[in-house]
Each structure stands twice: as structure tokens, then as C-alpha cells.
Amino acid sequence: MSLRVYNTLTRQKEEFKTVVPGQVAMYLCGPTVYKPSHIGHMVGPVIFDTIKRFLAYSAYKVKFVINITDVDDKLIVKAAEKGTTVDALAKEMTQDYFDNLKTMGVDSVDIFPYATEHIQEMQDIIATLIKKDFAYPLDGDVYFNVPKDKDYGKLSHRNIEEMMAGTRVEATDRKRNPADFALWKAAKPGEPSWESPWGPGRPGWHIECSAMSRKHLGDTIDIHGGGLDLMFPHHENELAQSECCTGKTFSRYWLHNGLMQAGKTSGKVGGGHSREGDLAESQQEQEAGKIAGSKGAASVKELFKVHHPETVRFFLLATHYRSPIDFSDDNLLQTGKSLEGFYRLFETYEHITKQSFYALKASTTRAGSVELKGEPAAYFQELADYRTRFLDSMDDDFNTGGAVGTLFELRKTLNAFINDQKLEGAGASNTAAVAALTTGLTLLRELSLLLGVFRDPIAKAAAADDGFSNELMQLVLDLRAEARKSKNWPLSDMIRDRLTALKVVVEDRPDGARWKRG
RNA sequence: GGAGCCGUCGCCAAGAGGCCUAAGGCAGUGGAUUGCAAAUCCGCCACCGUCGGUUCAAAUCCGACCGGCUCCUCCA
């Protein structure tokens, strides 16, 4: 099966064909760095990070760019509020963004270009647009002339006449047409500004992406991504500017991810108060303070105090990227629970082989995928089927939700194999069976790494790593083992009950007792 | 008012004309296993918002309706 992607431009799934065979240029609209990231800011990066992993696995050479918007109205307002400079605020919030990306396991981004470092490139585009009569200067501003662009509206599937019919034409509006948008804004006192042929000023909202995408990825890119909320006007305008400037296709595929929603009933999320609509304010808020009285969504850092980042990432990928995501503590808690079985399997595997799942060497390419041959044939056949289904799901418009499903099925097969072969007990010395198990775990590692999950051991509770506690626990369990040997059930049960009360879970496995803090 | 999205088991969520008498997870439940538990495995647990239509065939296409949601601009 070959890759098919849903293209917003055509509103259908299309076969994926890149400009340059074997290479992918991918651009994702990044944040305006004026406040700490909330979970909505992480959705796009996690999804496109996963897309990049899969494309790379599928033998594409991918260049992935996320921009940082470090000049904007919201920044100016916020900096003034906080009594700091735009530059200082932007730097602080950019760092926050980077921290959060790292925690979420988003590490495949090649370049993070800054808007303020591309003023010249923006001006070049504006100058070309003026020359081609697609834009006009007006008292220090420069506007894009929307009616001049006959393709305008093709991305968001709107037609200009209808739009204008619905637009209130202000008597004071100086623009030639209400739909025209600013490419360059004349400087106001106290605001950051740059020299330009049209006088000192700063860029409009959309021009930065056109400029940075062009500079780092070329006139025509393969994938342009962003939240659904950015489709109009941001992407529509970007598209118009870029194509009118270069005369070429701006992006072959437009991928829009669904937005987070704070469910009406979900109430608090990650410890922060959220009202309906707050989260949907989304990836790149277009208007600061749009929702009056809004406290805003919980910051990502607050969220991580309550939910493990891996749980959050898994949760985001368990739903199709184009669907809205109902974000709530309950949902996250359920996801966390569903992951425990994986962690337990990894633990069991380590007990059997004395080797960590996390140390398994997995292929990062489809061509190098682990070989699934051997005995028992039925077991290997199942593994092969899961791999096929997982990859087919991903090939079908990056259906991570379907792919996640096969991961759970794979887990079940692996556990069943351990049971059948008694690998925790009598079968432990069956080296062929243990090797077969390792093959299965290697497949699991290969596939889960594609989603960017189960990359590293999750941090255990601090006390569990404390040598003294470990030895003490070993002592208690040894004593209990003695009691069990002499069938002193009341005593062994008492020990277990008392430990349970201390939130220590004891499991009597075939190869001995195992404990962990609950 | 205009444009668009969504409605699949108690909850989350794949599937997008026949392989669906609908994947997977969480919860529930019966069993195997266990001294008892825990964990694990096996089994059970949905006719796909409603009503019509198209078709040999629809959860999947069309229409209406009901319910949920988003966007409609950088000037305010």
C-alpha cells in the first residue's frame, strides 16, 4: 500500500507524490511566543513529528520546519502589560515552547526560523507583489489586493463575493476592498519597527510564513500543516501571497489538524480551570483576549504535573489527527491506565531476558524492518499481520488511531506467547522461544518508536530507586516467601495486605514475587 | 445570516459501498491460572443519532430532521 493523504485543498485523499522524488519539504505554522504554551500548542508538533517519523521510515528524506513568530500585536500588548520588551518576552516564551516540545518527545524538527530574522525576505515578497500589482502601498501600510487574485479562496473554499457581502464595510476603511489584508504595517510609536521602502513598520501576520517557508524549503513545498483554525484567513492569505509572488504552487498538500476542545463536562484539565472554548482558542490565537474573562487553558507545564508526557502524547495519537480532540482529565487518566499493560510487559520481558526493552535495537526504516520468520509459525504470522496492519493504517492518511489499536493487539499476542511457552517459569531456558519473544518485542519497539512513544523508561517513583528501600523490601518479601513455603497463608496475606496499605503492590509471579509502588 | 465539521458499545475510539453478524482500549462480566489475590490469557458485552432515498448490497453515498462543534480576517 502506498501513502495517501487528505488534502484540504481538494477535500479528498490523494496519493502522496513529492516535488522531488524521495524528498519532502514540510512546514508547520508555529506559535506566537507571547505566553506559555498550553496543550493546544502541542497538538500540531506531536502530529507532524509523528508524520515526519513515518515519512522517514518510508524512505523519504524530510526537511521539517516550524516557525517562531516573535513579532506580533499580541506580543506587543503582552510585553507592555508585563513591563518588559517584546524581545525579552519572546525569548522567554520561545524557551518555554522548546522545553515543552522536548518533554513531548518532539525532536525531529530541522529548523526553527524566527520571523524577526526574515524581515528582508518578507520585504522582497512584498516588493514583488507591488510590482506585479497584487499589492498597493497606502500611507506606510501595504495591502494585498484580494480581488486581483482570481484564485483567492481556493483553500478554504470560499468565494470572495459572498465573503464581502457578509463583511461590514467601515466608512473609515482606507483599504480598496474590505477583504484586503495588510502585508506591512506602518510603525506606531513605541512599537518594534524596521526600515522599508514604504517607511518604517513591521510585517503583517501572514507574510512571515510565506517568507520563511520560501527561504528554507523553496517556492513549492510538499506539506503545509497547521490547526484547522488557521485555514482561514491565515493559510488562505499565505497561499495567495506566495503564489501571486512566485507564480508557482505554494504547497502540494495542506494538512489541517483538529483542535482541542474542553468538553462541557470535563471541567478542570490538568489542574487548570478551563471553560468551553478556551482550548479551542488554539494553536495560534488570533486575537488576544478574544474570550472575555478567559483564564486560558492550563499550561503544558501544569499539565505535566498531573499527567505523564508519554500519556499525553499517546492520547493525542490515539485519535485521528483531523478529528477534534476531547481533552479531559478523565480521558487522560483512562489512557494512562491503558498504557500500564505495556510497561508491565516490558518489565516481564526484562525479568525473562535480563535485557531491557528500551535497549532493543529497532529499525528506523521500512526496508530494514525486523525479520518475522521462525517457529511457531502461527505466532510469527500474527506478528507479520500486525506490522502490515499498522503500516497500512499509517499509509492511510496517518491513521495513528488505527495503528495504536494494532499495538494493543500485538501486546496481547506477546503476553499470550509468554503464557503458552511458560517463559516466566519452566520455559525460561527455551532459548528459541525467548528469541522469538525478543523478535516480537523488537517489532513492538520498531512500531512504537514510529509514534514516538515508549522511547525511554518512564521515571519510577524516587523511593523505588533508593537502595535501602529495595533491600528492605527484599527482606520483607524473602520473609513472606518463607511463610508461603510453609503454607502459612495468614501470615503471608497479612504481609501483603500491610504492604498494600502502604501502596506497595505485590504480585506473585511464576518466577517469584515482584513489587512496585502503586 | 454565510461556510464547514461531527454524531459508531456505559466511556474513549478505528472503520468511509460487499472481507462489518463493526478493530482496539477503559469499565463490566463468565472462565482458565493462583493457596487466596494481583497480573496474564480465553470468552461475553453495539445492527453504527432519527426518518426517508439510491443500490443486487450502506455505519459507509444522497436528502431532511434532531443533537454537538468550528470558522466568517489582521479595524474595532
Side-chain angles (χ1 to χ4, degrees), chain A residues 8 11 13 72-74 141 143-144 146 153 156-159 161-175 178-183 185 203-207 227-234 236-237 256 258-259 261 263-265 276-277 280 282 286-287 314-315 318-320 322-326 328 330-341 344-345 347-348 389 393 396-397 399-420 424 484 487-490 492-493 496-497 500 505-510 513-516 518:
Chain A
T8 306
R11 299 267 163 106
K13 284 184 195 172
D72 169 272
D73 294 355
K74 294 186 288 286
D141 293 337
Y143 291 99
F144 184 84
V146 169
S156 53
H157 303 267
R158 291 156 201 250
N159 82 52
E161 282 78 47
E162 272 179 20
M163 275 174 43
M164 304 213 293
T167 310
R168 321 168 291 286
V169 181
E170 303 287 333
T172 56
D173 206 328
R174 301 140 53 235
K175 295 183 288 189
D180 293 352
F181 55 90
L183 297 168
K185 298 177 179 181
W205 172 28
H206 319 291
I207 194 69
L228 207 49
D229 57 334
L230 297 181
M231 186 169 83
F232 188 89
H234 184 56
E236 190 71 60
N237 291 353
H256 287 99
L259 307 178
Q261 336 242 176
K264 313 154 282 307
T265 54
E276 188 175 358
S282 146
Q286 289 140 39
E287 299 168 68
F314 203 92
F315 175 73
T319 306
H320 189 94
R322 279 190 281 116
S323 306
I325 305 172
D326 182 17
S328 70
D330 283 350
N331 288 162
L332 243 15
L333 250 21
Q334 188 174 300
T335 299
K337 230 175 203 172
S338 73
L339 293 183
E340 283 171 17
R344 208 173 275 120
L345 170 62
E347 228 172 83
T348 301
R389 280 172 48 201
S393 287
D396 181 13
D397 194 30
N399 181 1
T400 53
V404 161
T406 67
L407 244 35
F408 281 101
E409 291 181 78
L410 174 56
R411 177 177 87 185
K412 194 179 277 192
T413 292
L414 262 16
N415 275 136
F417 187 71
I418 291 170
N419 279 359
D420 293 346
E424 280 191 276
R484 294 186 70 213
K487 298 201 190 308
N488 187 347
W489 307 129
S492 74
D493 286 350
R496 189 172 60 197
D497 291 345
T500 303
V505 179
V506 177
E507 292 177 21
D508 290 319
R509 320 267 327 176
R514 202 185 292 174
W515 69 280
K516 70 172 180 198

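Order of the sequence lines sets the chain letters (A, B, ...), proteins ahead of strands, with each chain counted from 1. As the structure is a computational prediction, the values presented were derived from the model and not from experiment.
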[N] versus [M] - spacing of their [atom1] atoms, nearest Å:
| N | M | atom1 | result |
| --- | --- | --- | --- |
| B:rG67 | B:rC51 | C1' | 15 Å |
| B:rC19 | B:rA59 | C1' | 15 Å |
| B:rA58 | B:rG17 | C1' | 6 Å |
| B:rU34 | B:rA13 | C1' | 34 Å |
| B:rC61 | B:rU21 | C1' | 23 Å |
| B:rU54 | B:rU40 | C1' | 49 Å |
| B:rC9 | B:rC47 | P | 9 Å |
| B:rG52 | B:rC41 | P | 44 Å |

On the nucleotide [N], are OP1 or OP2 found under 4.0 Å from the side-chain N or O atoms that [X] carries?
| X | N | result |
| --- | --- | --- |
| A:K185 | B:rC75 | yes |
| A:N399 | B:rG15 | yes |
| A:R484 | B:rG35 | no |

Please classify the nucleic acid contact of [X] as base, sugar-phosphate, or nothing, using heavy-atom distances under 4.0 Å.
| X | result |
| --- | --- |
| A:D508 | base |
| A:S492 | base |
| A:V404 | nothing |
| A:H320 | sugar-phosphate |
| A:N415 | sugar-phosphate |
| A:F408 | sugar-phosphate |
| A:D180 | base |
| A:E507 | base |
| A:N331 | sugar-phosphate |
| A:K337 | sugar-phosphate |
| A:R322 | nothing |

_Run the side-chain contact (heavy atoms from CB on, under 4.5 Å) test on A:L345 and A:I418 for me, step by step, so that the C-alpha distance in whole Å, both residues' side-chain angles and the decisive distance to 0.1 Å come before the verdict._
CA-CA 10 Å; A:L345 170 62; A:I418 291 170; 3.8 Å; yes
Considering Watson-Crick and G-U wobble pairs with both distances under 3.5 Å, what does [N] pair with?
| N | value |
| --- | --- |
| B:rC5 | B:rG68 |
| B:rA38 | none |
| B:rG10 | B:rC26 |
| B:rA46 | none |

Over how many whole Å does the gap from [X] atom [atom1] to [N] atom [atom2] extend?
| X | N | atom1 | atom2 | value |
| --- | --- | --- | --- | --- |
| A:K74 | B:rA76 | NZ | P | 14 Å |
| A:F314 | B:rA13 | CZ | P | 14 Å |
| A:L333 | B:rC12 | CG | P | 15 Å |
| A:D326 | B:rA13 | CG | P | 6 Å |
| A:E236 | B:rC74 | CD | P | 16 Å |
| A:E409 | B:rC42 | CD | P | 11 Å |
| A:H256 | B:rG4 | NE2 | P | 16 Å |
| A:F315 | B:rC26 | CZ | P | 15 Å |

Select one nucleotide: of [options], the one nearest the side-chain heavy atoms of [X].
| X | options | result |
| --- | --- | --- |
| A:D396 | B:rA38, B:rA16, B:rG24 | B:rA16 |
| A:A179 | B:rU73, B:rU40, B:rG25 | B:rU73 |
| A:V505 | B:rG25, B:rC72, B:rA38 | B:rA38 |
| A:D493 | B:rU73, B:rU40, B:rG35 | B:rG35 |

_Looking at the base of B:rC74, is there any donor atom on it, or on the side chain of A:H206, that sits under 3.5 Å from an acceptor on the other one?_
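A donor-acceptor contact between them is present.
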*Taking N and O atoms by type only, does the side chain of A:R496 place a donor or acceptor under 3.5 Å from a partner on the base of B:rA37?*
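Flag set: donor-acceptor pair detected.
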*What is the minimum heavy-atom distance between A:R514 and A:R344, and which atoms define it?*
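Nearest heavy atoms, A:R514 then A:R344: NH1-O, 4.3 Å.
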*Minimum heavy-atom distance between A:F315 and A:T335, given as atom pair plus value*: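 Smallest interatomic distance, heavy atoms only, reads CD1-OG1, 3.3 Å.
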*Validation row: A:R411, A:N415 side chains within 4.5 angstrom (heavy atoms)*: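 A:R411 vs A:N415: side chains touch.
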*A:N237 side chain reached by A:F144 side chain, heavy atoms, under 4.5 Å*: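 Not touching, per the 4.5 Å side-chain cut-off.
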*Are A:K516 and A:E347 ion-paired here, with the side-chain N under 4.0 Å from a carboxylate O?*
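The answer is no: the pair does not qualify as a salt bridge.
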_RNA chain B: 5'-proximal contact among A:A318 and A:R509 (nearest heavy atom)_ =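 Looking at RNA chain B, the more 5' nearest nucleotide goes with A:A318.
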*Of A:A182 and A:K412, whose nearest nucleotide on RNA chain B comes first from the 5' end?*
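Comparing both residues, the 5'-ward one is A:K412.
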*Is a donor on one side and an acceptor on the other found under 3.5 Å between the side chain of A:D396 and the backbone of A:N399?*
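No, A:D396 side chain to A:N399 backbone: no donor-acceptor pair under 3.5 Å.
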*Determine, stepwise, if the pair A:D397 / A:H320 fulfils side-chain contact (heavy atoms from CB on, under 4.5 Å).*
CA-CA 9 Å; A:D397 194 30; A:H320 189 94; 3.4 Å; yes
*To the nearest 0.5 Å, tell me how far A:L259 CG sits from A:S323 OG.*
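The distance works out to 11.0 Å.
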